2 protein chains.
Amino acid sequence: MKELTIQQKKVLQCIKFYIKKTGFPPTRADICRELGFKSPNAAESHLRALEKKGYITIENGASRGINLTENTAEKSQTIPVIGLVAAGSPTLADENIEKHIPFQESLFLSDFDYFLRVKGLSMKDAGIMEDDLVAIKKTSEVRNGDIVVARIDDEVTLKYFQSSGNQIKLIPANDDFDEIYINKETEGFFIEGKSVGLIREN
Amino acid sequence: MKELTIQQKKVLQCIKFYIKKTGFPPTRADICRELGFKSPNAAESHLRALEKKGYITIENGASRGINLTENTAEKSQTIPVIGLVAAGSPTLADENIEKHIPFQESLFLSDFDYFLRVKGLSMKDAGIMEDDLVAIKKTSEVRNGDIVVARIDDEVTLKYFQSSGNQIKLIPANDDFDEIYINKETEGFFIEGKSVGLIREN
DNA sequence: ATTTATACTGTATATATATTCAGTAAAATT
DNA sequence: AATTTTACTGAATATATATACAGTATAAAT
């Protein structure tokens, strides 16, 4: 990370102190008041310098939209929640992210990358109900019996994984649903990740 | 500290999440967006209620001038995990505590007091499987349909709660198990708390 | 029975705030 | 030597935001 000048350090310090004191970040005018500047542009330019050097992020247009970056302030992480939609990939693309929730990665045995919001009851006998959040670790290394996020073209599903040779079976945990048979080399087929945990908000 | 209503809790939760996510508090409009309100005054009145009850302070005239009170601010807590054993009470007595896990209380809509480690499959159709951790809020105020921790003498179970008059029914979510009928005044019967969430470590 | 609190919609507005533009000047980099 | 970065003042402005006011309706407290 790029070094800060003395003035920039003062501004960063001022932001941290202000947040500690008030609970929310300062405005440009607040920074001027604290540091004796007479023009809001003095603060503005320092902020842009801090942003450029990676110490803060600025949400444009938002008042007090200053956020200390991870290196700058130790924060408890937020994990994205992604909707399980029939069409569209469950990647971390912005349009698929439902929201972020604060969470400790360490809760489950494995680390994980995102939560998948479950739709439907195809895995109900595995205790996975509608609207549950399944913690997904992005990986294509899965074992028989794992609950995996599989993509076939645009369709994304959560199923038990079972492979033998070149043949792959995706097995629902609900008698009302059918098993899916695919070939390992089928175009458009992809294992997005596997379930490593679950949380349910009652 | 005065109790919050469900809506007020949701607003408080929303503020906490927003701060964790963005690093700064939400505007009235942000709260409306998150919770589906159509008027900024909906957020405003809730904020004033939260202020009056001492959960937040508001700096008048300042944008995003919301500050969580000390008691309100999240300390990442550790929450005890208690085994659901056939004999013995699921109280917080040391001998019953399996371990402590770090956890943010704010994850679920309601706060909660401990995790119950589920034994058996009597609630499997409710998506509650063996070894799941059910977040329990200690309370005896439960409603029909709630999943409750009930104690009958030394036996502790997790069941759906259904009462009519003096008669209480404890209903399993599994056809292999029988419903339990009890009288409200039965000696040794006690509602320990209710489920407000669930996590599963795969 | 009356008041107060809860839980909103909808409109309006003063002002708090981010942000751009026009300068000045010294220091650091290329 | 030329350019970029740092470090500001000062003024202007679009818009983000808090907040008041007028309603409606239900639940809880006194």
Side-chain angles (χ1 to χ4, degrees), chain A residues 1-15 17-19 21-69, chain B residues 1-15 17-19 21-68 72 109-110 139 141 143-144:
Chain A
M1 195 126 74
K2 247 192 154 185
E3 267 293 312
L4 294 181
T5 66
I6 293 168
Q7 282 300 89
Q8 288 166 357
K9 269 182 195 165
K10 275 188 190 169
V11 173
L12 186 59
Q13 211 53 33
C14 166
I15 295 168
F17 183 78
Y18 192 99
I19 291 174
K21 201 178 72 183
T22 66
F24 43 87
T27 64
R28 275 60 167 169
D30 290 331
I31 295 170
C32 291
R33 206 171 304 117
E34 296 283 340
L35 298 178
F37 303 151
K38 286 178 184 166
S39 167
N41 190 42
E44 177 73 21
S45 349
H46 280 307
L47 288 176
R48 294 301 166 181
L50 287 170
E51 187 188 31
K52 206 170 170 187
K53 289 185 176 177
Y55 288 79
I56 62 171
T57 59
I58 299 173
E59 187 164 329
N60 293 299
S63 65
R64 303 178 190 271
I66 301 168
N67 190 15
L68 303 173
T69 42
Chain B
M1 196 125 77
K2 244 190 154 183
E3 267 292 315
L4 294 180
T5 66
I6 293 168
Q7 284 301 322
Q8 288 166 358
K9 270 182 195 166
K10 276 188 189 168
V11 173
L12 186 60
Q13 214 69 281
C14 166
I15 296 168
F17 281 157
Y18 193 99
I19 292 174
K21 198 177 78 180
T22 67
F24 44 87
T27 64
R28 276 59 168 171
D30 290 331
I31 295 171
C32 290
R33 205 171 306 117
E34 296 283 340
L35 299 178
F37 301 153
K38 287 181 183 163
S39 167
N41 191 42
E44 177 73 20
S45 352
H46 280 308
L47 288 176
R48 294 301 166 182
L50 286 171
E51 186 188 32
K52 208 171 172 185
K53 289 184 176 176
Y55 288 79
I56 61 172
T57 59
I58 299 173
E59 189 166 327
N60 293 300
S63 66
R64 304 178 189 271
I66 300 168
N67 190 15
L68 301 174
T72 313
L109 283 177
S110 165
T139 177
E141 288 168 36
R143 291 176 194 179
N144 287 345

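Bear in mind the structure is a predicted one, so any value in this text is a computation, not a measurement. For the numbers below, each heavy atom of this structure counts, side chains included, while hydrogens, waters and symmetry mates do not. Protein chains get the first letters and strands the later ones, always in sequence-line order, with residue 1 at the start of each.
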Send over the distance from [X] [atom1] to [N] [atom2], rounded to a whole Å.
| X | N | atom1 | atom2 | result |
| --- | --- | --- | --- | --- |
| B:Leu47 | C:dA7 | CG | C1' | 14 Å |
| B:Glu51 | D:dT19 | CD | C1' | 13 Å |
| B:Lys53 | C:dT4 | NZ | C1' | 13 Å |
| B:Lys38 | C:dT11 | NZ | P | 12 Å |
| B:Glu3 | D:dA27 | CD | P | 20 Å |
| A:Phe37 | D:dT9 | CZ | C1' | 12 Å |
| A:Leu12 | D:dA7 | CG | P | 13 Å |
| A:Leu35 | D:dT6 | CG | C1' | 15 Å |

Trace of the side chain to side chain contact (heavy atoms under 4.5 Å, CB included) decision for B:Asn67 with B:Ile58: CA-CA 6 Å; B:Asn67 190 15; B:Ile58 299 173; over 6 Å; no
Hey, does the side-chain of A:Asn41 have a donor or acceptor N/O within less than 3.5 Å of a partner on the base of C:dT19?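 Counting by modelled atom types and ignoring angles, no donor-acceptor contact under 3.5 Å is found here.
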Considering just the side-chain nitrogens and oxygens of B:Ser63, establish if one lies under 4.0 Å of OP1 or OP2 belonging to C:dT17.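 For C:dT17, OP1/OP2 do have a side-chain N/O of B:Ser63 under 4.0 Å.
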Is A:His46 close enough to D:dT6 that one of its side-chain N or O atoms is under 4.0 Å from OP1 or OP2 there?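 Checking A:His46 against D:dT6: no side-chain N or O falls below 4.0 Å of OP1 or OP2.
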Just to be sure I understand the rule, does [X] reach a base, reach only the sugar-phosphate, or reach nothing, if contact means heavy atoms closer than 4.0 Å?
| X | value |
| --- | --- |
| B:Lys52 | sugar-phosphate |
| B:Ala62 | sugar-phosphate |
| A:Asn60 | sugar-phosphate |
| A:Glu44 | base |

Ignoring the backbone of [X], work out which of [options] is nearest its side chain.
| X | options | result |
| --- | --- | --- |
| B:Pro40 | C:dA22, D:dT19, C:dA18 | D:dT19 |
| B:Thr5 | C:dC8, C:dA16, C:dA7 | C:dA7 |
| B:Ile58 | C:dT17, D:dT19, C:dC8 | D:dT19 |
| B:Arg48 | D:dT19, C:dC8, D:dC8 | D:dT19 |
| A:Gln8 | D:dA7, C:dT6, D:dT9 | D:dA7 |
| A:Arg28 | D:dA16, C:dT19, D:dT9 | C:dT19 |

Apply the test side chain to side chain contact (heavy atoms under 4.5 Å, CB included) to residues A:Leu35 and A:Val11: give CA-CA distance (whole Å), side-chain angles for both, the deciding distance (0.1 Å), then the verdict. CA-CA 8 Å; A:Leu35 298 178; A:Val11 173; 3.7 Å; yes
Pick one: which of B:Ile19, B:Thr22, B:Asp30 meets side chain to side chain contact (heavy atoms under 4.5 Å, CB included) with B:Arg64?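 Exactly one pass, corresponding to B:Asp30.
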Nearest heavy atom decides the nucleotide; on that basis, is B:Arg64 or B:Ser39 closer to the 5' end of DNA chain D?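 Closest to the 5' end, via its nearest nucleotide, is B:Arg64.
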Return the 5'-most residue of the pair B:Thr27, A:Gln7 with respect to DNA chain D, ranking by each residue's nearest nucleotide.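 This one resolves to A:Gln7.
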B:Lys21 and B:Glu34 ion-paired at < 4.0 Å: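 Salt bridge between B:Lys21 and B:Glu34, a charged N being under 4.0 Å from a carboxylate O: yes.
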If you measure from OG on A:Ser63 to CZ on A:Arg28, what distance do you get to the nearest 0.5 Å?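 If we round to the nearest 0.5 Å, A:Ser63:OG and A:Arg28:CZ are 9.5 Å apart.
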Is there a donor-acceptor pair closer than 3.5 Å between any side-chain N or O of B:Lys53 and the backbone N or O of B:Glu3?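 Side chain of B:Lys53 to backbone of B:Glu3, a donor-acceptor pair under 3.5 Å: yes, one is there.
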